[in-house]
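No hydrogens, no waters, no symmetry mates; every other heavy atom, side chains included, goes into these values. Quick note on labels: first sequence line is chain A, next is B, and so on, each numbered from 1.
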Number of protein chains: 4
Amino acid sequence: MKSVVLEKQGKMAIKDMPLQGEMTPESVRIAVKNVGICGSDVHYYTHGRIGPFIVDAPMILGHEASGVIVEIGKNVKGLAVGDKVCMEPGIPNAKSRASKLGIYNLDPDVQFWATPPVHGCLIEEVIHPAEFTFKLPEQVSLAEGAMVEPLAIGLQAAKKAAITPGDVAVVIGAGTIGIMCAISAMAGGCSRVFITDVKREKLDIAASYPGITAIDVTKENPLEIVKKATGNWGADVVIECSGAPAVYKDITEYCCPGGRIVLVGIPIDPVPMDIARIQAKELDISSVFRYANIYPRAIELIASGQIDVKKLISGTFPFKQSLAAFERACEMRAGDVKLQIEL
Amino acid sequence: MKSVVLEKQGKMAIKDMPLQGEMTPESVRIAVKNVGICGSDVHYYTHGRIGPFIVDAPMILGHEASGVIVEIGKNVKGLAVGDKVCMEPGIPNAKSRASKLGIYNLDPDVQFWATPPVHGCLIEEVIHPAEFTFKLPEQVSLAEGAMVEPLAIGLQAAKKAAITPGDVAVVIGAGTIGIMCAISAMAGGCSRVFITDVKREKLDIAASYPGITAIDVTKENPLEIVKKATGNWGADVVIECSGAPAVYKDITEYCCPGGRIVLVGIPIDPVPMDIARIQAKELDISSVFRYANIYPRAIELIASGQIDVKKLISGTFPFKQSLAAFERACEMRAGDVKLQIEL
Amino acid sequence: MKSVVLEKQGKMAIKDMPLQGEMTPESVRIAVKNVGICGSDVHYYTHGRIGPFIVDAPMILGHEASGVIVEIGKNVKGLAVGDKVCMEPGIPNAKSRASKLGIYNLDPDVQFWATPPVHGCLIEEVIHPAEFTFKLPEQVSLAEGAMVEPLAIGLQAAKKAAITPGDVAVVIGAGTIGIMCAISAMAGGCSRVFITDVKREKLDIAASYPGITAIDVTKENPLEIVKKATGNWGADVVIECSGAPAVYKDITEYCCPGGRIVLVGIPIDPVPMDIARIQAKELDISSVFRYANIYPRAIELIASGQIDVKKLISGTFPFKQSLAAFERACEMRAGDVKLQIEL
Amino acid sequence: MKSVVLEKQGKMAIKDMPLQGEMTPESVRIAVKNVGICGSDVHYYTHGRIGPFIVDAPMILGHEASGVIVEIGKNVKGLAVGDKVCMEPGIPNAKSRASKLGIYNLDPDVQFWATPPVHGCLIEEVIHPAEFTFKLPEQVSLAEGAMVEPLAIGLQAAKKAAITPGDVAVVIGAGTIGIMCAISAMAGGCSRVFITDVKREKLDIAASYPGITAIDVTKENPLEIVKKATGNWGADVVIECSGAPAVYKDITEYCCPGGRIVLVGIPIDPVPMDIARIQAKELDISSVFRYANIYPRAIELIASGQIDVKKLISGTFPFKQSLAAFERACEMRAGDVKLQIEL
């Protein structure tokens with residue numbers, strides 16, 4: 001089957017690969033239709049590794065996918081051949097301690113698409129466990145279905161934020177995940193979200209959603225704006241999506257007493273944090289590692305119209321132009337939120 | 001000062017009453033502008049009592065109010081003469097055990113407007129503690145300000161529902177409070193709300209909000225609809241707003257495993273509940289008594305456009321026609337969500 | 001293999017039955033050592049059914065078990081032949097929606113020992129999934145290991161009670177499960193537990209634990225005692241373990257404002273509850289269905305000495321006297337908390 | 001009245017000072033009986049300041065106090081002349097936003113004993129608000145009453161740790177507050193607590209409590225011990241009480257997936273934290289600033305025997321030897337947990 005393979009750092013090709021895995025009575029076979037390009041795909045391409053995960057053998061890329069079911073295991077219920085679906089890319093050991101606790105994303109044995117040595121989904125067909133394959137309602141397109149994965153990170157952050165209806169949130173960083181967090185925070189119960197960045201195009205996209213106010217930190221003082229908007233009380237929730245080391249020390253200043261910080265951005269090295277100021281407001285800090293039990297929520301929110309992901313698809317490339325799609329992704333254009341490949 | 005006084009059961013009059021209370025350094029004097037008529041006002045008028053609260057002396061009615069500050073105590077900060085405000089009608093003892101815990105609505109000594117023997121706010125001016133007086137942003141009208149009180153009950157229910165982003169909710173009963181709960185559940189993070197009632201007009205009003213689906217129980221089977229919509233899983237949250245005794249025994253059927261029920265409607269007598277079925281799904285049940293710390297959230301959600309209360313104001317009467325307003329309220333027209341009196 | 005089989009209502013026998021199930025790489029084979037007799041075992045014996053679960057074919061009884069591993073699947077980690085273990089008796093479908101959420105006890109497909117048509121563990125050997133088999137530390141005996149199951153219900157209740165350190169709890173009903181809830185509430189952070197019953201022997205056993213005060217409702221007024229002990233504030237937590245229909249209507253009187261009720265006892269029919277009084281204190285009510293993710297906690301609490309279950313073992317019978325053990329259990333002696341059979 | 005006054009850095013005296021404050025109908029006058037010496041008292045004595053709080057005028061020291069009521073305001077209920085009491089030392093503005101939310105410890109206007117410019121309680125008598133004065137049960141001594149304040153910090157940490165019954169905790173640092181956190185974690189529902197330090201005497205005191213295991217980090221590897229004890233899973237809760245900058249970067253290693261860290265120790269400068277490792281386990285971090293609504297819980301736990309604070313009182317000095325008491329406190333003897341002055 002045709003697939004997009006990262007042969008090694010900097011070398012990608014469309015080539016034939018066998019269908020991965022084997023059908024079981026609990027799995028489905030899916031014709032892949034839309035695959036979003038994630039920053040991690042690009043990073044494996046350009047750097048050949050992410051932290052401890054090293055591409056030392058050819059690997060099919062891609063993990064943000066939708067498709068149509070073409071075969072179904074005999075024990076599978078609630079899915080049928082011909083169904084539009086999207087696929088959760090991380091498969092845990094269902095019997096692990098973490099899985100039994102409902103935090104299967106934290107199972108150390110999770111197999112996640114396009115994370116070495118596990119192949120991804122930029123291939124004509126995949127075999128997938130039925131319980132991680134989710135039917136898309138009629139009104140949700142395959143393109144939207146492939147947006148569920150990045151949205152799920154935003155919703156995991158919104159869930160961890162423990163939003164009380166009417167909370168004010170600040171999202172630091174308006175990259176793809178920052179925007180996903182901002183729209184998730186709004187859909188998740190906030191009255192307003194302030195989002196900060198240095199790139200005007202990204203801020204404009206974020207600010208096109210109701211309730212979201214963009215702050216261009218090259219021109220405005222975000223702390224003053226948040227303080228003024230909250231009568232000097234501070235924001236209930238701060239979602240850190242930049243990973244910029246300089247942000248952490250003073251992040252407490254955005255927060256109200258008893259407020260919450262959610263860590264989404266990933267700085268490479270340890271960053272300085274000011275414990276005394278965290279304590280002075282008794283802040284709670286939570287963190288996000290992918291997501292668990294979020295796909296059905298993301299699909300519901302898209303289906304009901306509460307979250308619009310369509311306008312975040314900045315470009316769609318046919319499968320045979322996958323390499324061009326990756327080259328475009330490598331350009332990191334400020335106006336590109338998500339590029340998709342269509343099979 | 002002119003006021004609307006309930007002299008005794010069935011006898012109401014516009015008459016002169018003195019300004020109630022005395023200015024302190026921590027209070028403000030407010031020219032009352034808009035007052036919503038609550039079901040409790042009507043009930044005191046028609047029945048002369050609500051449970052243990054008996055009207056045995058003339059009482060000024062009204063507790064859903066907005067106004068403009070005309071005088072300000074010398075220690076008051078953050079408010080100024082001329083400010084548009086709305087007023088939280090229940091004043092607790094700030095030093096009580098419940099208040100110290102942040103659940104001041106449960107302080108047994110709370111003084112609540114228009115709850116015998118405490119006078120209400122259908123009078124030209126009121127004196128009110130600054131900490132229960134909330135400035136309205138420019139874009140929030142005085143009419144909307146007087147909607148904050150009933151909305152606060154809906155938001156208290158949404159807060160108690162502990163909504164996770166994307167939850168599906170069922171609201172039973174589309175009276176004023178049922179609608180407030182439904183729009184609060186949507187603003188509070190639900191993907192969809194199903195609301196049930198027998199009155200078509202109320203259902204139509206509810207269904208005019210995005211995300212809310214009305215179910216006319218005289219024509220449709222709400223349980224079947226909810227099960228179908230959730231793939232037979234059930235709703236995450238059920239908010240009971242009808243107080244209809246027959247509802248409680250089978251309310252569990254709407255819920256998903258691990259789901260939550262919020263009790264808002266108030267049946268007069270004890271109602272039968274099926275403990276074994278509550279346990280079979282390990283349901284959590286919470287309950288609502290007015291609200292605490294909700295006014296700033298309600299104002300934020302109206303100000304940011306997340307909640308539209310304007311279309312729920314079904315009629316506005318000038319102060320001198322207050323008695324006509326009450327007669328209309330007594331008619332209980334299906335299309336009337338909230339009637340207001342304007343001073 | 002020798003086993004205790006309920007042939008039909010009222011007819012029990014020790015007879016040969018084949019080893020149930022088949023070894024897989026993820027399972028272990030266990031020589032059963034201690035099995036507690038549960039009220040449900042007795043009820044199947046005396047009534048032939050519990051609600052919808054009907055004994056219409058011979059069924060091996062027993063679900064509270066410990067044993068020693070005699071064979072081990074090749075993929076099993078953390079367990080070894082010769083290990084003392086106890087076994088969680090309910091096996092869910094690990095891929096169900098409930099299991100993925102961490103609430104596997106609510107999976108409708110759970111297979112639970114000695115619940116028709118599933119055989120129990122009163123047999124010489126059982127095959128069991130490794131992930132529901134828990135190694136007992138050296139200092140925990142096999143007899144204690146067989147107490148983990150009933151204790152787990154108490155700990156599930158304590159977990160649902162969301163105890164804040166220092167809470168005062170009331171446990172209604174001092175049967176086996178009531179006592180388990182009381183000692184779990186103490187170990188779970190309460191400062192004091194009041195337990196009520198009519199049977200002096202059971203109350204005396206409960207009161208032998210530090211922190212637990214017994215109230216004999218035939219002689220004392222439990223409500224007055226709780227109010228006095230809490231300065232008229234009420235208990236933070238009430239755990240209902242009696243299932244007595246008359247209890248529910250006034251159960252709110254024990255609670256403090258903002259308090260919590262946990263429903264453990266199972267009344268057969270719907271019971272009257274007073275919604276208005278629940279609301280007046282904004283009580284939260286939660287409920288218990290068996291347990292999930294509790295076994296490791298129960299074992300830790302026994303091993304560390306925080307919970308003593310040894311003194312709740314009221315009698316131990318050799319396997320060949322199993323029928324005598326059941327006859328004794330049917331007597332429902334007030335001083336019997338738990339009877340065990342030893343293989 | 002005789003009082004212990006810090007005249008300026010390094011200069012302390014017993015001298016006459018007037019009774020501070022004035023009686024109101026809601027306050028009580030208390031003859032002070034026992035006062036614990038806190039590290040902050042010592043630090044003001046030796047350094048003349050703590051962060052932004054500078055001793056620039058003579059200040060009465062002490063904030064950990066018990067006493068006997070000698071006069072009572074006319075509106076005070078639940079207290080009487082002659083009652084043994086302990087006093088919560090921080091008085092917030094009851095009408096502040098933080099107070100209304102129940103987090104009065106975070107009110108920026110809180111007045112806290114012996115925090116410049118507010119006088120403390122090392123004086124013969126104090127006037128105190130009744131709602132922050134707590135009656136001691138008969139079985140709780142005045143010496144124990146003065147231990148409620150430091151214990152309250154431990155219990156605030158245990159509350160923030162959101163302990164589920166049976167959790168395993170690690171407490172880093174066995175100073176007075178570390179020990180308070182360890183015994184609070186045990187009383188709050190843990191099965192076991194590991195506590196680490198370099199000082200053998202402190203570890204021995206901690207380890208004298210059931211359930212607490214001391215780890216001498218000069219001789220043992222705490223991480224290996226915790227991993228082994230938890231089957232390589234990690235601790236559910238880590239309470240950081242050392243404030244040692246080197247601890248923070250690797251603190252995640254103690255935690256299980258989904259675990260919680262509570263920040264109690266206060267490093268002076270920002271410390272490096274490893275965000276990626278926090279995220280890999282989706283850890284939640286909370287923090288402690290004094291306490292709110294904890295005094296009644298602390299008193300209950302002492303009164304019921306769940307927490308023994310008596311053995312933490314390492315020495316008691318008569319009032320006239322207060323200066324000697326402070327000199328001893330300055331020695332920082334490893335075996336001294338708490339020194340008290342008795343009036």
Side-chain angles (χ1 to χ4, degrees), chain A residues 50-52 96-99 101-108 156 159-160 162 164 230-234 240 243 245 247-250 252 256-292, chain D residues 50-52 96-99 101-108 156 159-160 162 164 230-234 240 243 245 247-250 252 256-292:
Chain A
I50 294 178
S96 71
R97 185 161 178 176
S99 292
L101 285 162
I103 48 176
Y104 59 77
N105 54 324
L106 305 181
D107 177 14
Q156 180 83 349
K159 179 177 152 188
K160 287 300 199 94
T164 298
T230 59
N232 229 34
W233 176 248
E240 204 305 308
V247 165
Y248 294 86
K249 191 167 65 70
D250 299 319
T252 55
C256 73
R260 284 148 279 137
I261 296 170
V262 185
L263 302 171
V264 181
I266 313 176
I268 294 169
D269 295 312
V271 296
M273 296 194 76
D274 192 335
I275 307 296
R277 282 198 280 163
I278 291 169
Q279 292 165 330
K281 292 181 179 175
E282 269 197 354
L283 302 179
D284 288 324
I285 302 172
S286 59
S287 56
V288 164
F289 185 73
R290 297 170 180 159
Y291 37 75
Chain D
I50 295 178
S96 72
R97 185 161 177 175
S99 292
L101 285 161
I103 46 174
Y104 60 77
N105 53 325
L106 307 181
D107 176 14
Q156 180 83 350
K159 179 178 154 188
K160 287 300 199 95
T164 298
T230 59
N232 229 33
W233 176 249
E240 206 304 308
V247 165
Y248 294 86
K249 190 167 67 69
D250 300 320
T252 56
C256 73
R260 285 147 278 138
I261 295 169
V262 184
L263 303 171
V264 181
I266 313 177
I268 294 169
D269 295 311
V271 296
M273 295 194 78
D274 192 334
I275 307 295
R277 282 198 280 163
I278 292 168
Q279 292 164 330
K281 293 181 178 174
E282 269 197 353
L283 301 178
D284 288 324
I285 302 171
S286 59
S287 56
V288 165
F289 185 73
R290 295 168 181 162
Y291 37 75

Option in D:Lys249, D:Arg97, D:Arg277, D:Glu240 with maximal non-hydrogen atom pairs under 4.5 Å from chain A: D:Arg97
Pick from D:Asp269, D:Leu106, D:Val262 with the largest number of heavy-atom pairs that fall under 4.5 Å of chain A: D:Leu106
With a 4.5 angstrom heavy-atom cut-off, which part of [X] approaches chain D: side chain, backbone, both or neither?
X: A:Gln156; answer: side chain
X: A:Ile278; answer: both
X: A:Lys281; answer: backbone
X: A:Leu101; answer: side chain
X: A:Val264; answer: backbone

Gap separating the [atom1] atom of [X] from the [atom2] atom of [Y], nearest 0.5 angstrom:
X: D:Ile275; Y: A:Ile268; atom1: CD1; atom2: CD1; result: 13.0 Å
X: A:Ile266; Y: D:Gln279; atom1: CD1; atom2: CD; result: 5.0 Å
X: D:Leu263; Y: A:Met273; atom1: CG; atom2: CE; result: 9.0 Å
X: D:Arg260; Y: A:Asp284; atom1: CZ; atom2: CG; result: 12.0 Å

Option that, when pairs with chain D are counted at under 4.5 Å, heavy atom only, ranks first among A:Gly258, A:Ala276, A:Pro245, A:Pro272: A:Pro272
Exercise: identify the closest heavy-atom pair between D:Arg290 and A:Glu282: O-OE2, 4.4 Å
Nearest atoms (heavy-atom pairs only) where A:Ser287 meets D:Leu283: OG-O, 2.8 Å
Which portion of D:Asn105 sits near chain A, non-hydrogen atoms under 4.5 angstrom: side chain
